[in-house]
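Take a look at this one; I'll ask things after.
Every heavy atom of this structure was used, including side-chain atoms; hydrogens, water molecules and symmetry mates were not. One-based numbering, in listed order, for ligands and for the atoms of each.
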Amino acid sequence: MRLSYENRRYVETAKISACHIVALDEYLDKKRHVELKMDQALLLIHNELLGTHLTVYWNSERCYHCLPQALVNVSGSGKRGKPSIAAVAVSTQHGSILQLNDTVEEKEVCRLEYKFGEFGNYSLSVKHVNNGVSEIACDLVINKNPVDSNLPVCIAFLVGLAVIIAVCFLRFLLSLDDFNNWISKAINSRETDRLINSELGSPSRAGLFGDDAQPEVWRPCAVPPRLRSVDTFRGIALILMVFVNYGGGKYWYFKHASWNGLTVADLVFPWFVFIMGSSIFLSMTSILQRGCSKIRLLGKVAWRSFLLICIGIIIVNPNYCLGPLSWDKVRIPGVLQRLGVTYFVVAVVELLFAKPVPESCASERRCSFLQDITSSWPQWLFILMLESIWLALTFFLPVPGCPTGYLGPGGIGDLGKYPNCTGGAAGYIDRLLLGDDHIYQHPSSAVLYHTTVAYDPEGILGTINSIVMAFLGVQAGKILLYYKDQTKDILIRFTAWWCFLGLISLALTKVSENEGFIPINKNLWSISYVTTLSSFAFFILLILYPIVDVKGLWTGTPFFYPGMNSILVYVGHEVFESYFPFQWRLQDNQSHKEHLIQNIVATALWVLIAYILYKKKVFWKI
Ligand SMILES: *[C@@H]1O[C@H](CO)[C@@H](O)[C@H](O)[C@H]1NC(C)=O
Ligand SMILES: *[C@@H]1O[C@H](CO)[C@@H](O)[C@H](O)[C@H]1NC(C)=O
């Protein structure tokens with residue numbers, strides 16, 4: 001399909017750079033015979049209607065309220081029994097809607113919905129059926145079966161599962177050994193046991209993994225033990241982020257949603273923001289308890305945010321092969337920039353209203369039931385105000401040439417009525433304040449919705465909601481600290497938040513991808529996106545906290561290591577993306593299998609790097 005191919009190239013150049021511009025000329029030469037790309041199938045359209053020219057329109061099932069796009073014209077058959085044939089490539093990612101019109105009369109001849117399979121070969125024949133009335137039938141025949149494009153993912157999943165089971169089994173055997181040691185030690189006197197241990201200088205297991213109740217009593221100046229579940233969760237989000245940023249095997253569900261909706265790739269950034277919020281609270285509380293002044297801490301927060309934003313701007317502006325980037329094209333927003341701003345706002349608000357964590361909550365049940373929330377009412381008030389600003393700007397800001405409160409992708413969406421309205425108020429604010437050239441040029445809506453205006457998924461308005469997300473993370477941190485050592489209280493609160501935020505999401509979205517009051521949308525960072533993802537985040541903590549921190553059943557390996565070195569892994573994976581061995585020349589560039597292997601290897605390498613650095617105690621802190 002012509003349009004789709006060109007757009008695909010357009011999107012890929014966003015990352016791979018303009019080096020591939022030659023590929024288009026090669027393609028134009030070969031245009032006469034269709035060459036199938038990844039996620040495409042061959043469709044031969046046989047027109048057996050004498051003298052009737054057909055225009056074939058195509059649309060993806062996923063494209064919401066989209067204008068059908070002209071795919072190909074098929075001239076009428078000249079002679080009975082000699083159909084004229086046109087060959088086109090159709091996308092196989094989602095279901096297709098094909099509409100065949102009489103070119104002259106603009107009348108619909110037939111319409112069909114079908115999910116084509118990758119690299120399949122299909123024939124669609126259009127002919128008169130001889131049953132007296134002149135009726136037209138469109139029949140789809142499979143000439144060659146498609147390949148199963150999800151097979152590599154299934155295999156990778158099963159291999160991963162096998163590795164996990166093998167590791168668990170090994171650990172079980174080792175623990176049996178431990179068990180034996182324990183028995184023999186128990187027979188000997190305690191004293192010799194202690195002597196042997198100190199002689200060999202090996203620390204006790206309990207000290208390493210903290211699965212016993214934390215031995216230190218809570219002292220005001222003590223550094224709180226780092227919560228392993230929080231680091232593990234951060235690591236999970238980070239590793240998924242590396243994998244999807246590297247391409248995720250080029251599967252659509254490992255890429256960002258075109259507009260509304262949720263894919264695996266859309267999960268990771270908000271989780272990262274959420275965990276950042278928890279960490280802000282946990283570390284700030286401990287620093288304040290050690291007697292650091294608020295002013296000094298404020299200076300530190302400002303400096304860190306500034307560094308994050310600077311590093312972020314450098315990372316999103318690589319020099320492409322076309323030559324160095326000009327100053328007028330520097331992209332300003334980005335992932336680290338948004339993290340920096342979010343960090344600054346949340347840390348400052350928490351710092352301004354910080355109250356010492358009440359001892360009573362930790363030791364005995366003298367706190368009120370909602371102490372963790374009531375004690376931070378000024379922060380909540382601030383967050384509610386911010387959220388009102390988001391709602392007001394999103395739904396009431398007049399945008400020239402666009403309907404007020406527009407949330408759609410523009411382009412061919414909404415029947416092509418608002419092509420330049422991508423992102424409504426959010427897009428307008430960025431284009432107004434930063435300028436068209438200083439924001440992201442290839443939003444994920446470009447392929448499916450054919451949007452042409454620049455739109456930045458990390459824009460200004462969405463930052464409000466990322467602050468809300470981080471604040472929900474702060475709340476998780478508060479629960480963990482206020483109700484320390486009361487596992488049941490913590491789990492009850494996690495469950496309550498999970499359900500509460502989940503219910504809000506259900507109401508906001510009306511359990512629909514596109515039809516809700518506020519659909520889930522990564523590009524807009526809509527509030528339903530935040531409530532859904534934080535609901536998931538509370539659920540993950542609900543699982544991880546008891547397993548990792550309370551019972552010590554899992555140490556968080558291997559996710560724990562990248563989680564401890566997140567800035568390094570994030571910056572490193574972006575900078576070294578196109579270096580060997582994170583990327584290499586593929587035998588078949590159109591094979592999901594090869595891309596998947598490459599991306600998994602690259603991701604695993606970053607886990608390994610994080611592990612080595614952890615062992616060498618190298619951490620990049622800013
Ligand atoms: C697709 O199938 C048709 C009909 O069987 C055949 O003529 C054509 O060569 C096939 N095309 C490819 C690329 O396999
Ligand atoms: C959208 O923008 C393009 C390019 O800037 C322009 O040519 C076109 O007329 C605009 N369309 C509308 C409906 O404003």
Expected output: side-chain Thr394 to main-chain Leu391 donor-acceptor under 3.5 Å: no
Heavy-atom protein contact below 4.0 Å for atom 9 (O) of ligand 2: no
Any protein heavy atom < 4.0 Å from atom 14 (O) of ligand 1: yes
Derivation of the salt bridge (Lys or Arg N to Asp or Glu O under 4.0 Å) call for Glu48 and Lys79: CA-CA 9 Å; Glu48 295 182 19; Lys79 216 164 39 171; over 6 Å; no
NZ (Lys115) with more than 12 external heavy atoms under 6.0 Å: yes
Atom 4 (C) of ligand 2 within contact range, any protein heavy atom under 4.0 Å: no
Protein contact to atom 6 (C) of ligand 2 [nearest heavy atom, distance to 0.1 Å]: Asn420 ND2, 4.2 Å
Any Gly401 heavy atom less than 4.0 Å from ligand 2: no
Phe576 and Phe582 aromatic ring geometry - parallel, tilted or perpendicular at 30°/60° bounds: tilted
Where ligand 2 meets Pro419 - atom numbers and elements under 4.0 angstrom, heavy-atom basis: 13 (C)
Top protein contact for atom 7 (O) of ligand 1, by heavy-atom distance: Leu44 CD1, 4.9 Å
Between Asn150 and Tyr253: side-chain donor-acceptor atoms closer than 3.5 Å: yes
Shortest heavy-atom approach to atom 1 (C) of ligand 1 - which of Leu42, Asn121, Leu36, Asn143: Asn121
Val34 to ligand 1, any heavy atom closer than 4.0 Å: no
Donor-acceptor under 3.5 Å (Thr103 side chain, His53 main chain): yes
Cation over ring face, Lys510 and Phe517, 6.0 Å, 45°: yes
